[in-house]
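These notes are about the structure you will find just below.
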Amino acid sequence: MSKHLLLPDYCKANSSWNSDSSVDLSIVNIAYRPEPEGSATGGPNGVLSVQRNLLGTDYRGFSLRYYFEPRKLNIPPLWLEWVKEQKIGTMSKNLLFAHCFIQTNLAARLPKSFLVDPRKVTHFFCHDIGSAAAAHFAGLPYTLMYHQQGAFVHERRSFGEALNETELYLMNYFEQVAFENASSVYFPSLGAKQAFEATTTSVDLKKVNFAEKPLYNTLGEITVNQSKLSGFFDSIGLSELNDPIQRKNILLIVSVGDYTFNKGTDRCPHILNTLAQRADSHIVWLCMGSKHKSGIYEEIYSNKGSYSFKAVTLPERQPHDLTMAAVEAADWLLMLQRHSIFDFSSLEAMKLGTGLALSPVGGNIEFNKKDNVIFVDPSAPEEGVARLARADPKRYGELNRDVYNAFFSSNNFVSSYLEAYDEIISRHLPPKHVNRTNSFSTKFEKLINGKDVVICGAGSSLKLLDTSEYNSHTLIALNSALLHDVPFHIHIMQDNPHDERLWDSYLSKDVVRMYGVINRPATSDLAIDFDYLTRKSVIYETYELAEYVFDERFNRHSPISDSGLIEDLRGVVFSALQLCAKSKARSVKLIGVDFSNENFSGRNTNKYNKSTIENLIYLTKQLEQSGIPVQLIATTSSDVLDAIGDGELVRAPNIQSAIISDAGKQRGEGHSKTKNQWLRRTGELLLPKYLHRPAYEALKKAGLF
């Protein structure tokens, strides 16, 4: 009988996905560990927290979700009874409870379409083997990011844990399932991968799809509490460190990590005894970490009287901000791991500008990018200790800070994790062909090139357009704005009309038609029916939208570059702005761009993405930087009002009860904003109390004041 659990038929059917038919993707990032509270931490939960803070909830138009171990989880009573009978520990329980959480809380609550429609893919990005195996049991595709020091059983034994047969079976079984069924398996360093390969007894390595590159960790902001450091040193018997004169003759060496076999804390005293014989300064060693069950702490403590250096060993972890203050004050961070993946404390020391003395194993080697680490091999320490004795810790600290910024910064972290996401996206949704050399018709370019352009949305403020003021401009209608009684020159649209009867009205207008081809899988059902236009013998030009959403946080090229590609910024107005830029308009003005649920002709059913205003700000700045000014004629949206430039704000007279807009508040008007921000005037039109001058003049001319 197979060792793997039997899956329901629908899970079997959906366990391998037909990428050609996939249209939407959601990535669920999970670490079945408690959510960190404030202070930085390494491991699955610490990295997931950094991942969430840096990457946000959306990438290339796809949803990113994040889950930690829930504070309360209803475990079935029979499970709890079995756990008690088998006498299994916390880490073994975590494997089972992660399985329960994903099966009952996450997989069970996925949209029902997931069960019958393989085009909607939920891909799990798992930071622990419990959630990874659970994803497999649920029939979900997943990626594994493995943070442990070697194989799971090996790591637990390093902590001094005695594992019973049930725990050994659970750990090995979950490890096998998690590794052998993952789409890809990542590690936080190449050394971490080597440590796992050397210590696993459960996984057939030939069946594992190992990723080619590691996903190196990074750090958020480090809080350093120097104000507590002096009192801390006094309290642990290191008051000499507070005396500037004595401090000059002290070499302070700090080790941060649990007292475990893998961490190699037991190897430090011998190295420090050797160093004390060579160094000109007095050696002080401060070691902080949880003692666990390994017996290493007790052994070091009992031998302190025989050391030729002063040792202060603390059997529990200290507050993180205080630990960081001690690391920053140290000359060297000494870590002599037997197995190292990519030690968080070493990364923190690099960012703080502290020297590193490490054992030459695993991920430790990958910290050394510019000869910035002194390696001390405990089996042959002479060369390393001699180098450490004569080294200038300040110089090495500066090198470490430079290396951190160049190789392990948050930007590096983001880039590597986005590559992992890209691999997931390409696995499920391979990019469609996009013609990146769009050529626009001569007629279209003549209407835009060197011309002043007015882009007209279908919002309520379109009623305020006075075409007599813009008779020398090229007028562009977006979507149903074409139905307004204005002599438009161009119609731009990229979504099929929600009411097919609109086509007859659109096609009755004598305009140049520029229609977008949607290549984004998730919105392909919105695409214009070009077959219908062909049957009607309609003459039109097309532009092709990119297959994924543009995001200014991650995209490194400008959306108005010379390529023919039109970036998908989730709105036809953004396509129109790009088209104007690529066709070299002289200036652009906006009206009817209100992003509201009211159009000039009635209800607007569109739902606007939260990034809409950010995209408007970003894209208008891009145009202005390229020499194309963007101005606002009128809008009913205070957000749009604030987004388009920093022009003069004018108080609209005769409106006594309206509440000041954000823009007015920022300029020191002193009023408070309430939910009653708008005053209803003239039918459907909503007006803010403070307007940019062009909008104010337009409204005044319309007789509203």
Do the side chains of [Y] and [X] get nearer than 4.5 Å, heavy atoms only?
| X | Y | value |
| --- | --- | --- |
| Ile30 | Leu106 | yes |
| Thr201 | His154 | no |
| Phe232 | Gln318 | yes |
| Ser158 | His339 | no |
| Leu241 | Leu286 | no |
| Pro141 | His428 | yes |
| Pro269 | Phe309 | yes |
| Phe62 | Ile425 | yes |

Would you say the side chains of [X] and [Y] form a donor-acceptor pair under 3.5 Å?
| X | Y | result |
| --- | --- | --- |
| Glu175 | Thr200 | yes |
| His320 | Thr223 | no |
| Glu567 | His557 | yes |
| Thr612 | Asn615 | no |
| Ser345 | Asp343 | yes |
| Arg65 | Ser26 | yes |
| Asn303 | Ser306 | no |
| Ser558 | Gln622 | yes |

Worksheet item: Could Arg387 and Asp371 be called an ion pair, given the rule that one side-chain N must be under 4.0 Å from one carboxylate O?
Response: yes
Worksheet item: Should the pair Arg52-Glu35 be classified as a salt bridge under the 4.0 Å nitrogen-to-oxygen rule?
Response: yes
Practice prompt. Using the salt bridge (Lys or Arg N to Asp or Glu O under 4.0 Å) rule, take Glu423 and Arg427 through it: C-alpha gap first, then chi angles, then the decisive distance, then the call.
Written response: CA-CA 6 Å; Glu423 191 274 334; Arg427 178 183 296 271; 2.6 Å; yes
Verify the neighbour count for atom [atom1] of [X]: are there more than 12 heavy atoms of other residues, nucleotides or ligands below 6.0 Å?
| X | atom1 | result |
| --- | --- | --- |
| Tyr618 | OH | yes |
| Glu316 | CD | yes |
| Asp280 | CG | no |

Worksheet item: With a distance cut-off below 6.0 Å to the six-membered ring centre and an angular limit of 45° from the axis, does Arg401 pair with Tyr404 as a cation-pi contact?
Response: no
Item to complete: Report yes or no: is the cationic atom of Arg338 (NZ for Lys, CZ for Arg) closer than 6.0 Å to the six-membered ring centre of Phe261, at no more than 45° off its axis?
Response: yes
Side-chain donor/acceptor of [X] to backbone N/O of [Y], under 3.5 Å:
| X | Y | value |
| --- | --- | --- |
| Thr354 | Val327 | yes |
| His123 | Thr143 | yes |
| Asn555 | Asp551 | yes |
| Asn372 | Leu399 | no |
| Ser294 | Gly160 | no |
| Asn225 | Asp321 | no |
| Arg156 | Met171 | no |
| Thr218 | Ser410 | yes |
| Tyr142 | Ala134 | no |
| Arg267 | Pro378 | no |

Item to complete: Give the C-alpha distance, both sets of side-chain angles, the deciding distance and a yes or no for side-chain hydrogen bond (donor to acceptor under 3.5 Å, both in side chains) between Asn412 and Ser415.
Response: CA-CA 5 Å; Asn412 298 101; Ser415 295; over 6 Å; no
For [X] versus [Y], what's the shortest heavy-atom pair and its separation?
| X | Y | result |
| --- | --- | --- |
| Tyr146 | Gly150 | OH-O, 2.8 Å |
| Ser239 | Asp234 | CB-OD1, 3.0 Å |
| Arg33 | Phe68 | O-CB, 3.4 Å |
| Cys287 | Tyr259 | O-OH, 3.2 Å |
| Ser611 | Arg570 | OG-NH1, 3.6 Å |
| Gly61 | Arg520 | O-NH2, 3.1 Å |

Worksheet item: So Tyr59 and Phe554, ring pair (Phe, Tyr, Trp, His ring centres under 6.0 Å) or not? Walk me through it.
Response: CA-CA 8 Å; Tyr59 175 57; Phe554 308 127; 5.4 Å; yes
[atom1] of [X] to [atom2] of [Y]: how many Å apart, nearest 0.5 Å?
| X | Y | atom1 | atom2 | answer |
| --- | --- | --- | --- | --- |
| Asp422 | Tyr417 | CG | OH | 14.5 Å |
| Leu356 | Asn400 | CG | CG | 4.5 Å |
| Trp285 | Ile271 | CH2 | CD1 | 11.5 Å |
| Met145 | Phe125 | CE | CZ | 6.5 Å |
| Ile222 | Lys351 | CD1 | NZ | 5.0 Å |
| Ser49 | Tyr66 | OG | OH | 10.5 Å |

Worksheet item: Taking the six-membered ring for Trp, are Phe179 and Phe196 ring centroids under 6.0 Å apart?
Response: yes
Discussion item. Run the salt bridge (Lys or Arg N to Asp or Glu O under 4.0 Å) test on Asp331 and Arg247 for me, step by step, so that the C-alpha distance in whole Å, both residues' side-chain angles and the decisive distance to 0.1 Å come before the verdict.
Written reply: CA-CA 11 Å; Asp331 297 294; Arg247 180 65 179 89; 3.3 Å; yes
Side chains of residues 186-195: which donor-acceptor pairs under 3.5 Å do they make with residues two or more places apart or in other chains?
from   : atom 1 : to     : atom 2 : distance (Å)
Ser189 : OG     : Gly191 : N      : 3.4
Ser189 : OG     : Ala192 : N      : 2.9
Ser189 : OG     : Ile341 : O      : 2.2
Lys193 : NZ     : Glu197 : OE2    : 2.8

Worksheet, complete the sentence: Lys291 meets the salt bridge (Lys or Arg N to Asp or Glu O under 4.0 Å) criterion, sequence neighbours left out, with Glu298
Practice prompt. Just say parallel, tilted or perpendicular for the rings of Phe342 and Phe367, cut-offs at 30° and 60°.
Written response: parallel
Discussion item. Which label fits Trp332 and Tyr396: parallel for a plane angle under 30°, tilted from 30 to 60°, or perpendicular past 60°?
Written reply: tilted
Worksheet entry | Passing candidate, side chain to side chain donor-acceptor pair (under 3.5 Å) with Glu240, options Gln246, His282, Lys310 | Lys310
Worksheet item: So Thr265 and Thr260, side-chain contact (heavy atoms from CB on, under 4.5 Å) or not? Walk me through it.
Response: CA-CA 7 Å; Thr265 319; Thr260 68; 5.9 Å; no
